[in-house]
Number of protein chains: 2
Amino acid sequence: MARVNTKQLITEAAVRVAAQQGISGASMDQIAEAAGVAKGSLYYNFSSKDAIFEQVMRDGFERLGAAVDEARSQAAGDPARLPRAVAAATLETLRGNLDLAKLMASEIFRTDRAWAGAMELARSSVVVRYRDVLREAEAARGGPRASEEITETAGAAFFGALAGACLDWLLFRRDQSVDQVLDQVLRGY
Amino acid sequence: MARVNTKQLITEAAVRVAAQQGISGASMDQIAEAAGVAKGSLYYNFSSKDAIFEQVMRDGFERLGAAVDEARSQAAGDPARLPRAVAAATLETLRGNLDLAKLMASEIFRTDRAWAGAMELARSSVVVRYRDVLREAEAARGGPRASEEITETAGAAFFGALAGACLDWLLFRRDQSVDQVLDQVLRGY
DNA sequence: GTCTATAGGTTGATAGAC
DNA sequence: GTCTATCAACCTATAGAC
């Protein structure tokens with residue numbers, strides 16, 4: 001067994017390299033160098049380059065889903081403020097994993113990758129979580145009609161608004177606080 | 001002079017190929033074949049592969065900006081319905097250029113490309129348009145405070161919500177009408 | 001489990017005929 | 001202005017030593 005988790009060393013290096021030049025632009029040589037291992041070790045720990053990035057994407061959505069779940073359980077008693085709590089947790093997670101967030105943004109609508117099926121499952125489970133958050137908030141404010149009217153599409157829009165504002169913030173206008181960004185995103189939610 | 005616009009033939013083919021396999025995955029051989037010209041003609045009309053995709057991105061943002069401008073001028077007399085009019089124009093434009101929309105989504109937050117500077121300018125001008133739409137709508141409904149409180153970040157969030165919902169719709173759940181998607185996205189705007 | 005060396009295939013770009 | 005032919009560079013993946 002390895003002294004450190006070589007698999008994790010490799011996926012973290014893959015994220016760093018791919019954030020700079022995209023997945024196709026990230027060569028196995030560069031990933032090996034960034035991870036501090038030989039290229040042969042990449043192929044011992046993963047069956048292919050695709051397998052590395054499938055793991056990267058899986059980890060990313062899992063992390064995001066866990067952050068949303070945690071925010072939901074913490075704000076369970078106050079459904080009116082649930083959207084803001086979940087939005088804040090999302091922004092913090094993306095900020096703490098900026099390289100990964102950029103990568104996920106550039107891959108989320110690609111249907112050609114070898115790992116597209118696995119990614120679509122993970123993406124869908126996150127979108128459903130956002131949909132449920134909007135439903136709970138609507139129910140709490142006694143919305144006009146039953147919350148079944150809020151579909152996955154609304155969840156995708158909420159997620160898109162968060163991701164779009166967050167990356168605009170972190171990449172192009174960093175001189176804002178989290179609360180300022182939240183205020184801008186949540187006008188209306 | 002060529003009998004048809006070879007440059008346009010090439011950029012359109014580049015969009016089709018790159019929508020399937022990404023920009024890095026799109027080879028010059030494939031683009032030439034899809035355009036129905038020889039590879040040498042690619043290099044006669046464009047200085048490099050990067051130059052082709054810089055033109056592609058420029059065209060995409062220009063098309064989107066023009067659609068927003070047209071919707072704004074048509075809805076000029078009714079600022080309360082401006083967001084929906086602009087949102088509808090955005091969805092229709094993305095739907096009519098789905099390959100290009102996928103490509104733009106996967107590139108919009110990449111800062112490593114040779115054409116990143118040009119793309120950031122184009123992206124910013126589109127975000128400002130959405131911000132202005134939100135400001136006009138807020139002013140029309142006599143919003144709590146001056147519209148200066150609505151920043152580019154809100155514009156980026158609005159754009160993100162539209163793009164996120166639209167691509168979720170067109171790629172994963174096509175069994176919806178434009179109006180249904182608009183209803184989901186605009187809850188709150 | 002990690003390493004080095006190399007095979008095998010693809011790519012972006014150029015040269016020169018027509 | 002478009003074509004064909006070709007090259008040098010690069011990349012993924014494998015083989016085999018340690």
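Each chain gets a letter, A, B and so on, in the order the sequences are listed, and its residues count up from 1. Remember, it's a predicted structure, so these values are computed and weren't measured experimentally.
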Measure [atom1]/[X] against [atom2]/[N] and give the value in whole Å, please.
X: Ile52(A); N: dC11(D); atom1: CD1; atom2: P; result: 15 Å
X: Glu33(B); N: dT2(D); atom1: CD; atom2: P; result: 18 Å
X: Asn45(A); N: dG1(C); atom1: CG; atom2: P; result: 9 Å

With distance as the sole criterion, is a donor-acceptor pair present between the side chains of Ser48(B) and Tyr43(B) under 3.5 Å?
->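 No.
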Side chain to side chain donor-acceptor pair (under 3.5 Å) against Arg81(A), all qualifying residues, sequence neighbours excluded |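 With neighbours one apart ignored, the set is empty.
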Check: residues 156-167 of chain A side-chain donor-acceptor pairs under 3.5 Å, at least two apart:
none

Listed once per pair and sorted, the salt bridge (charged side-chain N to carboxylate O under 4.0 Å, His left out) pairs that draw on residues 20-43 of chain A, sequence neighbours left out =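 Found Asp29(A)-Lys39(A).
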Sequence neighbours excluded, which residues qualify as side-chain contact (heavy atoms from CB on, under 4.5 Å) partners of Ser47(A)?
->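 Once residues adjacent in sequence are excluded, the partners of Ser47(A) under the side-chain contact (heavy atoms from CB on, under 4.5 Å) criterion are Ala51(A).
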Not counting sequence neighbours, which residues clear salt bridge (Lys or Arg N to Asp or Glu O under 4.0 Å) with [X]? List them please.
X: Arg123(A); answer: Glu120(A), Asp168(B)
X: Arg110(A); answer: Glu107(A), Asp112(A)
X: Arg84(A); answer: Asp179(A), Asp183(A)

Interface residues of residues 13-22 of chain A with DNA chain C (non-hydrogen, below 4.0 angstrom) = none
Per-nucleotide protein contact along nucleotides 3-18 of chain C, 5' to 3', at a 4.0 Å heavy-atom cut-off (B base, S sugar-phosphate only, - neither), is BB------SBBB----
